[in-house]
Number of protein chains: 2
Amino acid sequence: MKNSAKKRGFDDACGMAHGLELLGDRWALFVVRELMLGPRRFGDLRADLPGISANVLAQRLTELEANGIVVRGKLPPPASVPVYGLSEWGYEAEPIVQELGRWAARSPRHDPTLPISGVSILLSFRTMIDRKAIGDLVLAVGFRFGEDEYLGHLGADGFSVGRGAADAGDIVFVGTPSVLAGFVYGGAPLAELAESGALHLMGDPALAARFAALFVLPPKFVPPPR
Amino acid sequence: MKNSAKKRGFDDACGMAHGLELLGDRWALFVVRELMLGPRRFGDLRADLPGISANVLAQRLTELEANGIVVRGKLPPPASVPVYGLSEWGYEAEPIVQELGRWAARSPRHDPTLPISGVSILLSFRTMIDRKAIGDLVLAVGFRFGEDEYLGHLGADGFSVGRGAADAGDIVFVGTPSVLAGFVYGGAPLAELAESGALHLMGDPALAARFAALFVLPPKFVPPPR
DNA sequence: CGGCATCCGGGAAGATACTG
DNA sequence: CAGTATCTTCCCGGATGCCG
């Protein structure tokens with residue numbers, strides 16, 4: 001009888017309180033974030049969640065599944081490996097992740113030099129895109145982070161992205177999520193990144209620059225003097 | 001040296017991760033929620049946060065202040081009592097609370113019969129209002145929960161609310177937040193509530209009914225069969 | 001009385017080792 | 001690779017007490 005579901009509740013009918021009971025445990029929202037672009041395997045989650053231990057990840061997955069947020073599945077043969085995905089309702093948690101990220105980006109203490117996962121940076125594009133700046137630009141953008149490939153579509157209604165063949169993009173970024181973040185958000189010059197081999201671009205550099213210019217971080221909050 | 005901020009961080013540049021470092025501690029987001037409609041006193045926070053202990057509340061307030069989210073103030077004489085409010089940036093956290101609440105309202109496990117605070121129910125109105133249903137209705141709505149009075153304004157652009165004299169409303173609800181929730185979200189008949197004394201209405205009952213009809217909870221998520 | 005220390009017990013998270 | 005078992009660490013919550 002390890003559990004008995006004694007979770008300390010909040011005894012509060014407020015939706016926020018219930019949301020925190022479902023997603024407020026340490027690492028829970030990270031797991032949801034990593035699944036936001038499609039199902040993944042246990043080991044992949046662990047690799048992109050540096051710091052989480054196997055038992056905590058297993059427990060979070062179990063709890064999230066019990067609450068109908070995560071769905072345990074199995075790839076068809078011959079793979080036959082277990083995977084974890086989000087339920088339809090689980091996918092609807094994306095605005096939570098977005099608002100949390102958008103708000104925290106204004107924090108004076110935010111350190112953007114820390115490592116970042118591929119899913120994180122791609123989700124941040126969905127959050128931070130400046131729709132008014134898109135104009136009539138339509139573009140397929142591929143991303144290759146090691147073994148993981150994603151394909152995004154830029155259109156008048158924003159930026160969408162999912163697992164897919166990166167080669168299908170009009171432009172393709174190959175590198176690490178951190179370096180890509182440095183290019184898009186940090187304004188690192190593409191030429192230097194390409195020369196050092198940190199970030200490889202396939203396609204028109206001018207298009208890549210136009211793409212990067214669509215994403216801007218909100219201004220930091222400056223506490224007024226006391 | 002109690003220990004120099006050894007908080008276990010996430011080492012993740014994702015904005016969401018930083019947001020959780022700022023607001024992810026137990027009770028932290030509750031404190032922010034309770035301050036969302038204006039500054040309050042230590043004891044008031046404690047009273048509306050059943051279950052929190054004084055030392056934890058003090059610690060959260062200290063941390064939130066150190067991070068620029070909460071601002072410690074003092075009412076002018078002759079009151080001269082200390083109060084806690086939100087910084088401008090702190091107020092910007094409302095979408096986080098809203099999205100969390102909106103999402104959790106679809107949870108199959110959500111129990112709306114639990115107690116609820118005055119701030120919670122009023123914030124939920126801001127979240128859950130159906131803008132398309134407002135039409136040309138313009139209305140000032142007062143709320144009196146014991147000693148606490150709030151005044152809300154309904155207009156084409158939604159519902160806004162703040163601390164204020166409830167009497168100034170075209171209609172005024174007097175009662176507990178829970179009973180008001182039962183009327184607005186649970187469809188409890190106003191006549192019975194008034195008769196039992198649980199909820200007192202000043203003003204036109206038809207207006208109150210029109211007001212209540214503007215707020216609808218999202219449909220529950222029904223997990224598909226395995 | 002409001003605000004914040006201190007001590008303690010319980011339980012969740014972290015690290016590591018181990019098994020199928 | 002996908003988890004489970006076990007031990008340790010530390011946060012949370014309650015009680016108590018000091019101090020303004």
Side-chain angles (χ1 to χ4, degrees), chain A residues 1-12 17 20-31 34-35 39-66 70 72-75 77-85 147, chain B residues 1-12 17 20-31 34 39-66 70-75 77-85 147:
Chain A
M1 56 149 83
K2 51 166 34 167
N3 59 7
S4 72
K6 285 301 287 281
K7 286 285 306 271
R8 295 170 293 183
F10 290 109
D11 279 352
D12 191 318
L20 288 176
E21 286 172 356
L22 296 171
L23 299 176
D25 281 341
R26 193 169 168 82
W27 294 113
L29 202 52
F30 285 81
V31 172
E34 288 300 318
L35 298 179
R40 307 192 66 185
R41 304 188 51 179
F42 189 94
D44 296 329
L45 292 173
R46 214 184 153 184
D48 273 343
L49 261 23
I52 196 173
S53 54
N55 53 6
V56 172
L57 177 54
Q59 187 176 333
R60 289 297 164 272
L61 288 168
T62 302
E63 294 163 355
L64 289 169
E65 185 192 14
V70 157
R72 199 179 295 246
K74 194 181 271 278
L75 255 35
S80 294
V81 295
V83 291
Y84 298 90
E147 303 276 302
Chain B
M1 67 171 66
K2 48 177 40 179
N3 124 357
S4 44
K6 285 301 286 287
K7 287 286 305 276
R8 294 170 291 184
F10 290 108
D11 279 351
D12 191 317
L20 288 176
E21 286 172 355
L22 296 171
L23 299 176
D25 281 342
R26 194 171 167 82
W27 294 112
L29 202 52
F30 285 82
V31 173
E34 288 300 319
R40 307 191 68 185
R41 304 194 51 184
F42 189 94
D44 297 330
L45 292 173
R46 220 187 147 181
D48 273 343
L49 262 21
I52 196 173
S53 56
N55 54 8
V56 172
L57 176 55
Q59 186 177 332
R60 289 297 166 273
L61 287 169
T62 302
E63 294 163 355
L64 290 169
E65 185 192 14
V70 156
V71 178
R72 200 177 294 247
K74 193 181 270 281
L75 255 37
S80 295
V81 295
V83 290
Y84 299 89
E147 302 276 302

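Computed over heavy atoms, backbone and side chain alike; hydrogens, waters and symmetry mates excluded. Residue numbers start from 1 in every chain, and the chains themselves are labelled A, B, ... in the order their sequence lines are given, proteins ahead of strands.
- Counting to the nearest Å, the P atom of dA15(C) and the CG atom of Leu49(A) are 13 Å from each other.
- Nearest to the side chain of Ala54(B), among dG14(C), dA2(D), dC4(C), sits dC4(C).
- Between the CG atom of Leu57(B) and the P atom of dG14(D) there is a distance of 12 Å, given to the nearest Å.
- Of all nucleotides listed (dG14(C), dA2(D), dC4(C)), dC4(C) comes nearest to the side chain of Tyr84(B).
- Distance, Phe30(A) CZ to dG14(C) P: 10 Å, rounded to whole Å.
- In terms of polar N and O atoms assigned as donor or acceptor, the side chain of Asn55(A) never comes within less than 3.5 Å of the base of dG3(D) in a complementary pairing.
- Map Pro82(B) and Gln59(A) each onto its nearest nucleotide of DNA chain C; the residue landing nearer the 5' end is Pro82(B).
- Residue Asp25(B) contributes atom CG, which lies 16 Å from atom P of dC10(D) at whole-angstrom precision.
- One atom, CZ of Phe42(A), and another, P of dT4(D), lie 8 Å apart when rounded to the nearest Å.
- A donor-acceptor distance shorter than 3.5 angstrom exists from the side chain of Arg60(A) to the backbone of Arg26(A), with no hydrogens or angles considered.
- In this pair, Trp27(B) and Phe10(A) present their aromatic rings perpendicular. The plane angle is above 60°, beyond the 30 to 60° band.
- In this structure, CD of Glu147(A) is placed 11 Å from P of dC1(D), rounded to the nearest angstrom.
- Distances from the side chain of Arg72(B) to the nucleotides dG3(D), dG14(C), dC4(C) place dC4(C) closest.
- You'll find that the side chain of Ala58(A) is closest to dT4(D), out of dT4(D), dC4(C), dC12(D).
- Taking side-chain N and O atoms only, Trp27(A) has a distance below 4.0 Å to OP1 or OP2 of dG14(C).
- Nearest heavy-atom pair across Ala28(B) and Leu64(B) is O-CD1, 4.1 Å.
- Atom pair Leu29(B):CG and dC12(D):P shows a separation of 15 Å (rounding to whole Å applied).
- You'll find the side chain of Leu35(A) reaches within 4.5 Å of the side chain of Leu45(A), heavy atoms only.
- Taking only side-chain atoms of Arg46(A), from C-beta outward, the nucleotide of dT16(C), dG14(C), dA2(D) with the closest atom is dT16(C).
- Looking only at side-chain heavy atoms (C-beta outward), Leu20(A) and Phe30(B) come within less than 4.5 Å of each other.
- Distances shown here put every side-chain N or O of Arg41(B) at or beyond 4.0 Å from the OP1 or OP2 atom of dG2(C).
- The side chain of Ser53(B) lies closest to dG14(D) when the candidates are dC12(D), dG14(D), dC4(C).
- Atom CG of Leu64(B) is separated from atom P of dC4(C) by 13 Å (rounded to the nearest Å).
- Note on Arg60(B): only backbone sugar-phosphate atoms sit closer than 4.0 angstrom, heavy atoms only; bases stay farther off.
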